[in-house]
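Report on one structure; see the data block that follows.
Numbered from 1 within each chain, the chains take letters A, B, ... in sequence-line order.
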Amino acid sequence: MGDDIQDKNGGHPGLPGRRVTARIKAMTIWQIPLRNRVVSIVGPTASGKTALAIALARALREKGQKAEILNADAYQMYKGMDIGTAKPTAAERAAVPHHLLDIIDPAEPMSVARFQKIVRDEIVRLDALGIRSILVGGSGLYARAATDVMGLEPHDEKVRAVLEERAWQEGPSALFAELEEKDPRAAAGMDPRNVRRTVRALEVIALTGKPYSSSLPTYQYAMPVLQIGLDLPRAELDRRIGLRTGQMRREGFLDEARRLQGRLGPTASHAIGYPQMQAVLDGSLSQDEAFEQIAQKTRRLARKQMGWFGRDPRIHWLEALDPDVEAKALDLVGTADAGGFAADDGPVAPTRHHLGDIDRPGA
RNA sequence: GGCUCUGUAGCUCAGUUGGUAGAGCACACGACUGAAAAUCGUGAGGUCAACGGAUCGAUACCGUUCGGAGCCA
């Protein structure tokens, strides 16, 4: 067998370049072949991804197709973290089957690699049943891990712990110096002060003996996918975030956090809002201050998400405020299924102004 | 009314024994492969409350005014 390990791992791009990509595309040999094209809905929090996904699933159902929703959000996978993560409501879940919600305990750690395995298994399982997966998520890395050619290198808790201990003892620059020596290319791609990334690079090198790819693969799908992005003006986004934060407060976010007290693991404890609620429970923060902080952090998250998705040239952007978004999304799916789009590219390369700087002053 | 403290970046505050200023957070932009709602980088913000005095030179010293806080009456 001439099976190439690199390939199995998702391939490390940057070597052969565009030409090979084009050939693979022409042959449509997918790393993960599917009968039903996956639809991935991305965009900032509070842009209406869940609502669009449900509307789309229903519209497809009317056309005699089967489509169900897969959660691609790291924090909504946790049981009990409902209000703070703006999990779809019971009514929404009743409308269309949702998968990958409430699948792990808050104490458990989540990771891109683990998520990649879980979603892909689920996508394949549903596909075999003739069901199309509609992915809904706001985390760029997770969305990419689900649909893109992206092989994750191994991981070992002990190796990492040793490196982290060293970073603590010897300082980050000592570790980075070692990385520069062992893998100059990886080192060139990251900041010496970013301990997290330095540690991971050295971890991979220690485990595989091979250099670490410090940069993300080029945009290439591992399966038939259509990505739809929801865009909206910043002012409107901020307004919605404010409203949603207020709603979380009214729905009892504080009580939810009280129930989860002391049970949040390394990943779950980083979810926006929970540390703030904990501070309220400790008495070190007032509720008003806490919710103001939550809204602020959520706004920042939204900016970050817009930046991340704005860079992906394959996303087909729709205006969230457009009254016809649902119909337009359905059209996109139809066109994609008919082979109307090149496998990896949208019809129009997205430009900066798609991403909500409409309300920029001056001009 | 008297006494004391106080007014520096959007916010909380450093600082200059007199040579026109910084930090954290927020904001803008960016990087990103097993914590990603993470981690990290870069940048833009200030007639140092106002006016006057002394000084080569004031945000800093002196005076007055205005605004805040506290104590005593």
A:Gln296 or A:Pro266, whichever maps to the more 5' nucleotide of RNA chain B | A:Gln296
Can you tell me if A:Thr45 and A:Gln305 form a side-chain donor-acceptor pair at under 3.5 Å?
-> yes
Tell me whether the OP1 or OP2 atom of B:A36 has a side-chain N or O from A:Ser139 closer than 4.0 Å.
-> no
Looking at A:Tyr142, does any N or O in its side chain come under 4.0 Å of the phosphate oxygens OP1/OP2 on B:C32?
-> no
Would you mind pulling out the nucleotide paired to B:G19, Watson-Crick or G-U wobble, both distances under 3.5 Å?
-> B:C56
Is a side-chain donor-acceptor pair under 3.5 Å present for A:Glu203 with A:Tyr212?
-> no
Where does B:G45 land, syn or anti, given syn is within 90° of 0?
-> syn
So does A:Arg160 get a side-chain nitrogen or oxygen closer than 4.0 Å to the phosphate oxygens (OP1/OP2) of B:G34?
-> no
Please report, rounded to the nearest Å, how far the P atom of B:C32 is from the CZ atom of A:Phe309.
-> 15 Å
Separation between the C1' atoms of B:G34 and B:A28, rounded to whole Å = 31 Å
Ignoring backbone atoms, establish whether A:Arg300 has a side-chain N or O less than 4.0 Å from OP1 or OP2 of B:A26.
-> yes
Contact under 4.0 Å: A:Arg114 side-chain N or O vs B:G34 OP1/OP2 | no
Please determine if a side-chain N or O atom of A:Arg311 lies less than 4.0 Å away from the OP1 or OP2 oxygen of B:A31.
-> yes
